[in-house]
Enquirer: 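Encoded as structure tokens, here's the structure I'll be asking about.
In the text below, chain A, chain B and the rest are named by the order of the sequence lines, each starting its count at 1.
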2 protein chains.
Amino acid sequence: MDDQAGTDRRPPSRRIADDLRTSIQSDELAPGAKLPSERELAAQYGTARNTAREAISILQGEGLVVAQHGRGVFVRPRTPLMRLGANRYSRRLRSETGLSPFRIEVTKQGRTPKTECRSVTRDKPPADVADRLGLDPNTATVIRRENWYFADDEPVQVGVTYIPVDVAGDSPLASERTLGKGSIYARFEDLGYRITRIREEISARMPYHEEFTGLSMPPGVPVIEVLHTSFDDKHKPFEVTRFVMRGDLNGLDYEMPVED
Amino acid sequence: MDDQAGTDRRPPSRRIADDLRTSIQSDELAPGAKLPSERELAAQYGTARNTAREAISILQGEGLVVAQHGRGVFVRPRTPLMRLGANRYSRRLRSETGLSPFRIEVTKQGRTPKTECRSVTRDKPPADVADRLGLDPNTATVIRRENWYFADDEPVQVGVTYIPVDVAGDSPLASERTLGKGSIYARFEDLGYRITRIREEISARMPYHEEFTGLSMPPGVPVIEVLHTSFDDKHKPFEVTRFVMRGDLNGLDYEMPVED
DNA sequence: GGAAGCAACTGGCTTGAGCCAGTTGACTGG
DNA sequence: CCAGTCAACTGGCTCAAGCCAGTTGCTTCC
């Protein structure tokens, strides 16, 4: 029925990958479905097992399938994305629900949210962070707070917050791991910094090796990196956070006015 | 000097990959530098060529290196990102410069911008688009405009715009490939739709196979997908555009007020 | 001087073999 | 009934060999 191999200029591994991709995209192989085993594919196409394996690794790189040692290769199920927006910083939302938008989003999906502050240290700021805070990257010191976000004990994002020492002073922000009711932005308000504008710089890339293991990421899944800056009512930047989120679980959702 | 292979529980391919990754991250192998050839690596580590090859393919999947047939494997040079923000839609910017933010960004990088409208058709809207426009996905018809954006003749992003037929009417938007001065948003204003708010839903993923070839993407590079909705002064959505951008060349940059 | 040819390099892809390590379910013995 | 065992499956990883196809620079010949 199909082209004979002689007519086909694609290498066999590509051909197998293309066939499987087509099956996946036509829902013939639905999300969660099990692919034929490497040995089956090899026999089916009359190739060596390594060639079938290569085909699967192509699809893995495209994020279409995940392999499970001893079990098989499966079409990657598409989980709904968590949609985080600027309302993350809304005071009203914070006080009304008492919950952070992250917790709301996770519970909405029927999963259990958890956040954990891993460390609070004093450090030199990275160059890009120093720039956003208007600090000298060589001499300045900042408070560095590392936060991890989980859904059902699975890590889904990390946020590292940098606060100039003269902003944090000796408030809880400078040393306490737990910040109490209303979380971090309530503590900033205690200090007189009320968030009125934000800037978010977004990029996408493959995870660094540490992120790959730390966020236990499936292969073929990128991360979204958000460099967030908070401004107070005098347009002074008082905090920068770098979020790194699993791209298969998170998305962003902004609604905003268009300046004339 | 290093651990002997006996002490090391990592498979050889991982070990090679880890070593190379370390060299890259320490700038010992700077961006653009050439890695040792597969055959060299194999000899150096006393493994088969396939094993060295596997190591390189790991780094390729992480987006750290790119292979060039016949030339070698190179550390991927990190090009500066184009930063697109909400000012894309600013009227003032549009009229002052007469240039789209895309053109400004590209020329700022010393490259030559080009945009091209590939097609203007009438179609059924995709489900998510229909939802954003408040249309019935089964019965509605929309104008579909497909735009490609280039820098130095290299494609860097695609935008597919969907316009309800009753918005476009028989204006140029419904049929003309070239829209004249001030581009698409000027034409919407001609029809009485003035953009006052936007919503942007952002996600990151590996490119589909067509995107991979169409955008001539390097391996190990994700795309950023932006589903953009424009609202007029009556809060009616009058246009949705799905942007797909190369993640290694593009980023987003939003600054916005925080709603109370 | 210039073009053609060629050798020596590069990665791309495949073969078929082998061993290791998780997973699963059926079969066994208490 | 339960627990343990074990065989048969899965993918993970490697080897050694081979051929193909781009790239580069040198050499040769006109």
Enquirer: Can you sort out the partners of B:Asp128 under side chain to side chain contact (heavy atoms under 4.5 Å, CB included), two or more places apart, ordered by chain and number?
Expert: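 B:Asp128 satisfies side chain to side chain contact (heavy atoms under 4.5 Å, CB included) with B:Pro126, B:Arg132, B:Leu227, B:Arg242 once adjacent residues are dropped.
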Enquirer: What does the B/S/- profile of nucleotides 8-19 of chain D look like, 5' to 3', with a 4.0 Å heavy-atom cutoff to protein?
Expert: --BBBBBBBBBB
Enquirer: Return the value, rounded to whole Å, for the distance between atom CG of A:Leu41 and atom C1' of C:dT15.
Expert: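 Rounding to the nearest Å, CG of A:Leu41 and C1' of C:dT15 are 17 Å apart.
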Enquirer: Counting a pair only when it is Watson-Crick or G-U and both distances are under 3.5 Å, which runs of at least 3 such pairs involve DNA chain D?
Expert: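 Expected stems, ordered by start: C:1-30 with D:1-30.
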Enquirer: Looking only at heavy atoms, what is the nearest atom pair of A:Arg103 and A:Pro113, with distance?
Expert: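 What the structure gives for the nearest pair is NH2-O, 3.7 Å.
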Enquirer: Run the ring pair (Phe, Tyr, Trp, His ring centres under 6.0 Å) test against B:Tyr254 and tell me which residues pass, sequence neighbours left out.
Expert: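 Here the qualifying residues are A:Tyr254.
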Enquirer: For residues 47-59 of chain B, which side-chain N or O atoms pair as donor and acceptor with protein atoms under 3.5 Å away, sequence neighbours left out?
Expert:
from    : atom 1 : to      : atom 2 : distance (Å)
B:Arg49 : NH1    : B:Glu38 : OE1    : 2.4
B:Arg53 : NH1    : B:Glu38 : OE2    : 2.7
B:Ser57 : OG     : B:Glu54 : O      : 3.4

Enquirer: Apply side chain to side chain contact (heavy atoms under 4.5 Å, CB included) to B:Arg118 and list each qualifying residue two or more places apart in sequence or on a separate chain.
Expert: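 With sequence neighbours excluded, B:Arg118 shows a side chain to side chain contact (heavy atoms under 4.5 Å, CB included) to B:Glu116, B:Glu146, B:Trp148, B:Phe150, given in chain and number order.
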Enquirer: Using side chain to side chain contact (heavy atoms under 4.5 Å, CB included) as the criterion, list what pairs up with A:Met82, not counting sequence neighbours.
Expert: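 Counting only residues at least two positions away or on another chain, A:Met82 forms a side chain to side chain contact (heavy atoms under 4.5 Å, CB included) with A:Phe102, A:Glu105, A:Val106, A:Gln109, A:Val156, A:Asn250.
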Enquirer: Using salt bridge (Lys or Arg N to Asp or Glu O under 4.0 Å) as the criterion, list what pairs up with A:Arg145, not counting sequence neighbours.
Expert: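 So A:Arg145 forms no salt bridge (Lys or Arg N to Asp or Glu O under 4.0 Å) with any residue.
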Enquirer: Going by the rule salt bridge (Lys or Arg N to Asp or Glu O under 4.0 Å), which residues pair with A:Asp27 if we only count those two or more places apart in sequence or in a different chain?
Expert: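 Result, salt bridge (Lys or Arg N to Asp or Glu O under 4.0 Å) vs A:Asp27: none returned.
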